[in-house]
Amino acid sequence: MKTGKKLMTGNEAVARGAYEAGLRFASAYPGTPSTEILENLVQYKDSLYCEWAPNEKVAVEAAIGASMAGVRSMAAMKHVGLNVAADPLFTFAYTGVTGGCVIVSADDPGMHSSQNEQDNRHYAEAAKVMMLEPSDSQEAKDFMKLGLALSEKFDTPVLLRMTTRVCHSKGLVALEDPVYVPVVEYAKKTEKYVAIPANARKLREKLSRRIDAMTKYSNKAEINVAEYNSPETGVVSSGVAYQYAREVFGEGASYLKLGLTWPLPVELIEVFASKVKKLYVVEELDPYLENRLKMAGVKCTGKKVMPEWGELNTDVVRKAVFGTEAENINFEARAVPRPPALCAGCPHRGLFVVLSKMKNLIITGDIGCYTLAAAPPLSAMDSCFCMGGSISTGHGAAKALKQAGIKRKVVSVIGDSTFFHSGVGSLMDVIYNKGNSVSVILDNRITAMTGRQENPGTGFTLMGDRTREVDIAALCAALGIRREDLYTVNPLRLDDVRSALEDALKKDRPTVIITRWPCVLKKFAEEDAKEFDLKGKARAVDEKKCRMCGICGKIGCPAIHTSDRVKIDRESCTGCAVCEQVCPFSAIGEVTE
Amino acid sequence: MNGVRNILLAGVGGQGTILAGKILSEGLAEAGFDVKMSEIHGMSQRGGNVSTQIRYGDKVFSPVIARHEADVIAAFEKMEALRWIEYLRPDGKLIANDFEIYPAPVLMGAAKYPEGILEELSAKADVLAFRADEIAKEIGNRKSANMVLLGALVQTMGIGGVPWDEVIRENVRADYFEVNIKAFEEGKKRANT
């Protein structure tokens, strides 16, 4: 390649940076837009170890352990994952590290694939950990490496804050050779690592001195860089927002591009501000920089003109600052949306077809592909909050209804990976506190929504090794679900799903239904082929019997076309036969020729 | 516009839009340009629309194209052309695959697939429309429609000095290489007529 550089996404670049910096341990829970970091890191498995953790808290704790044992380590997650991992993070800031440790938080401004768009820069200040914000792929690699070095230099975990555009955009990255970093010999340091109150108070005092040192560094850090072009207008920015600002303001403004945003280099900002007449702060989401500038007495314009939520781009920044919009082609906006839907043959469909017809229920949902069942035509979900939340919100609702003497029952639906993530504790709550909600665990044998990652139930690790599978039924039994209250069904057999649900709903005690069938997009393992009959024959409509009642169209299958006459697309039909089971006129059957 | 050129590829999950974008951006990098490419994915496999944005020049800042800024839009599906047309510069060029993929609301009879898309767009922009899927089918594999469109796009942009066959070879399965190259060359011809 003429440039000697490689096109990489920010996520690929973070993985590359970790490899080049001699990282030895990484753990993560998949979550858009962060998933590809570890998916890319595994290509370097000859020189490092990496794993999928059941959740983000476990991932951060494992990274802490690896750091304590003397190697460079990291944990990666999407923004909401850091909520789960916040507990160890706050104390990790006190103890500091042995081997350098970077925690990657991939935020999702614009909520492309998230339930909120929290601004995780606040975590750096709240937990008092150094924060770096790359603005493109090259910086993603450079800052990952720098982060590990700074982590060791200042004895602190470092937060690498990415956003969707940085994670998923590609840019040219210069590759370098990996360095060898020796393992730090283990020494017992109880005052550092045993965070009991007596030690924690000393650690807190030490943390204050560390903050002073980090602040001093931040004010002269190479990644906090001023570009002086014009004394009229100055722009303070960080992350991908800088790229938008740099393009919109062009050569006519001066820039202070911040790569290290906690501790904030206030003195550097004050110097920059003194050299320009008008100062803008361009940042995505919350007025994180702006508020701190104003607290320091720096006059600036930010959220007064710039949106406080949603993703920025050059259009948004241009309109906010200059009030201009360029000419574009006028047309009638009549493109029909393409809402994502459960795939043809998705095993979740059978369960939700049955649930959608049941009355007097509250169906609490969770995070995963099955959340798509909330949309029409299935409309079989009442809530969705966070990973693992379905069973516990369902439990609370069920208790409240029972207390109030209302005869409405609760069904909680949760995926296999989500159950392992944080649903197990919720089910324990239902059993311990004598709830009566029905917990349905949708075991499609993979973490599907984020692109089919292995999990503790699949029998394989991220590194590709075979491993023990969690036996979900045995786990539920161990938690206290009675054998007669535990149902395992094929979700594509509607009668079986219905009878399990009806039976479970009659009971005034905790019940669990496991719907076990692999995701249609899964690369099947030998065991899958043995256990499941995956050679379903495509279905077709017998036009003589079809009366165009439209019932098959209400199962939301993308292979079924009902706008004119009913047709089933042979290429996408997997033969799951859910449509055949709902057809009241027996007009659907296997393709015959 | 600081010399940066902008290409937008729009399609539906499964059409090979992302692969075409990958080949294009790698070719541009090979030619010595600064390149940024952006795509939002996550749910495209579940029937959603897919877009890949590529910006190249001496120095590229924003990884995303602003509305009205695309020099060329290659729409791999007709309605996607309609969805993204506001990103085209008034003097830009739209390459459209005259091919329909019905979205779920149309399949369920809840909405109608818009009629007269190419007529409306042709009246407002410089449009090159052809049936890339049919061309690819004739060549031997309907799935190489993405390469037909890529060929037309490369020709339209006038990007020289790129060993496209090498970049394509690196990105497709060996047994599909011939058909992909044929499709790519056929696409280039379409842009010339």
Side-chain angles (χ1 to χ4, degrees), chain A residues 1-3 5-7 32-33 112-113 136-137 164-166 168-172 240 242-248 250 313-315 318 325-343 369 372 376-377 449-451 521 550 553-554 556 558 560-564, chain B residues 2 4 12-13 22 25-26 29-49 53 60-69 79-80 82-90 92 101-114 117 120-121 124-125:
Chain A
M1 207 164 270
K2 283 179 193 167
T3 52
K5 293 177 174 180
K6 192 175 184 307
L7 269 175
T32 314
H112 293 283
S113 16
D136 62 15
S137 297
T164 302
R165 287 293 170 187
V166 179
H168 284 172
S169 296
K170 281 189 181 178
L172 291 166
V240 75
Y242 162 77
Q243 305 287 358
Y244 305 138
R246 183 64 185 73
E247 186 157 328
V248 168
N313 55 39
T314 50
D315 278 329
R318 190 176 294 117
E325 278 179 286
E327 183 194 352
N328 58 299
I329 296 168
N330 236 329
F331 75 107
E332 194 191 334
R334 56 195 177 104
V336 181
R338 295 186 189 273
L342 294 174
C343 301
C369 293
L372 295 168
M449 192 58 154
T450 43
L521 300 177
K554 299 221 163 67
I560 300 178
H561 190 163
T562 57
S563 62
D564 182 5
Chain B
N2 62 19
V4 172
V12 179
K22 184 168 184 274
S25 51
E26 286 179 10
E30 195 80 21
F33 290 110
D34 185 21
V35 183
K36 281 189 179 170
M37 169 179 158
S38 193
E39 61 197 27
I40 289 295
H41 47 83
M43 301 207 283
S44 55
Q45 230 159 350
R46 289 159 195 98
N49 42 300
Q53 314 192 353
V60 180
F61 291 105
S62 167
V64 288
I65 300 173
R67 280 182 296 142
H68 69 259
E69 203 179 58
M79 193 170 68
E80 294 313 305
L82 195 60
R83 194 185 314 283
W84 290 95
I85 192 68
E86 62 173 335
Y87 279 75
L88 193 66
R89 293 162 63 105
I101 298 174
Y102 289 169
V106 173
L107 292 175
M108 289 189 294
K112 276 229 165 342
Y113 191 92
I117 292 175
E120 182 192 344
L121 295 177
K124 292 172 179 168

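This structure is a prediction, so every number in the text was calculated from the model and none was measured. Side chains included, hydrogens not; waters and symmetry mates left out as well; all remaining heavy atoms used. Proteins get letters first, then strands, A, B, ... in listed order; numbering begins at 1 in each.
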Run A:R338 and B:I101 through side-chain contact (heavy atoms from CB on, under 4.5 Å) and show every step you take.
CA-CA 10 Å; A:R338 295 186 189 273; B:I101 298 174; 4.1 Å; yes

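- Neither the backbone nor the side chain of B:L121 comes within less than 4.5 Å of any heavy atom of chain A.
- Taking the salt bridge (Lys or Arg N to Asp or Glu O under 4.0 Å) definition, one finds that B:K22 meets it with B:E26, sequence neighbours left out.
- Atoms CG and CE, from A:L172 and B:M37 in turn, are 12.0 Å apart once rounded to the nearest 0.5 Å.
- Closest heavy-atom contact between A:V336 and B:P114: CG2-CD, 4.0 Å.
- Here B:I85 is the residue among B:I85, B:I117, B:I65, B:V60 with the most heavy-atom pairs under 4.5 Å with chain A.
- Looking at every heavy atom in both residues, A:E247 comes nearest to B:S62 through OE1-N, 3.1 Å.
- With chain B as partner, the option from A:G556, A:P376, A:P558, A:P337 having the largest number of non-hydrogen pairs under 4.5 angstrom is A:P337.
- If you tally non-hydrogen atom pairs under 4.5 Å between each of A:R334, A:H561, A:R246 and chain B, the highest count goes to A:R334.
- Scanning both residues, B:V64 and A:Y244, for their nearest heavy atoms gives CG2-CE2, 3.6 Å.
- Environment of NZ in B:K124: crowded, with over 12 heavy atoms of neighbouring residues, nucleotides or ligands closer than 6.0 Å.
- Residues that satisfy the ring pair (Phe, Tyr, Trp, His ring centres under 6.0 Å) test with A:Y242, not counting sequence neighbours, are absent from this structure.
- The shortest side-chain heavy-atom distance between B:K36 and A:S169 does not fall under the 4.5 Å cut-off.
- When every heavy atom of B:A66 is checked against every heavy atom of A:D315, the shortest pair comes out as CB-OD1, 3.3 Å.
- Both the backbone and the side chain of B:Y102 have a heavy atom closer than 4.5 Å to some heavy atom of chain A.
- Scanning all heavy atoms of the two residues, the minimum distance from A:G553 to B:M108 falls at O-SD, 3.9 Å.
- A pairwise comparison of heavy atoms in A:I560 and B:L107 identifies O-CB, 3.8 Å as the closest pair.
- For A:V240, the part lying under 4.5 angstrom from a heavy atom of chain B is the side chain only.
- Heavy atoms of B:E86 lying under 4.5 Å from chain A belong to its backbone as well as its side chain.
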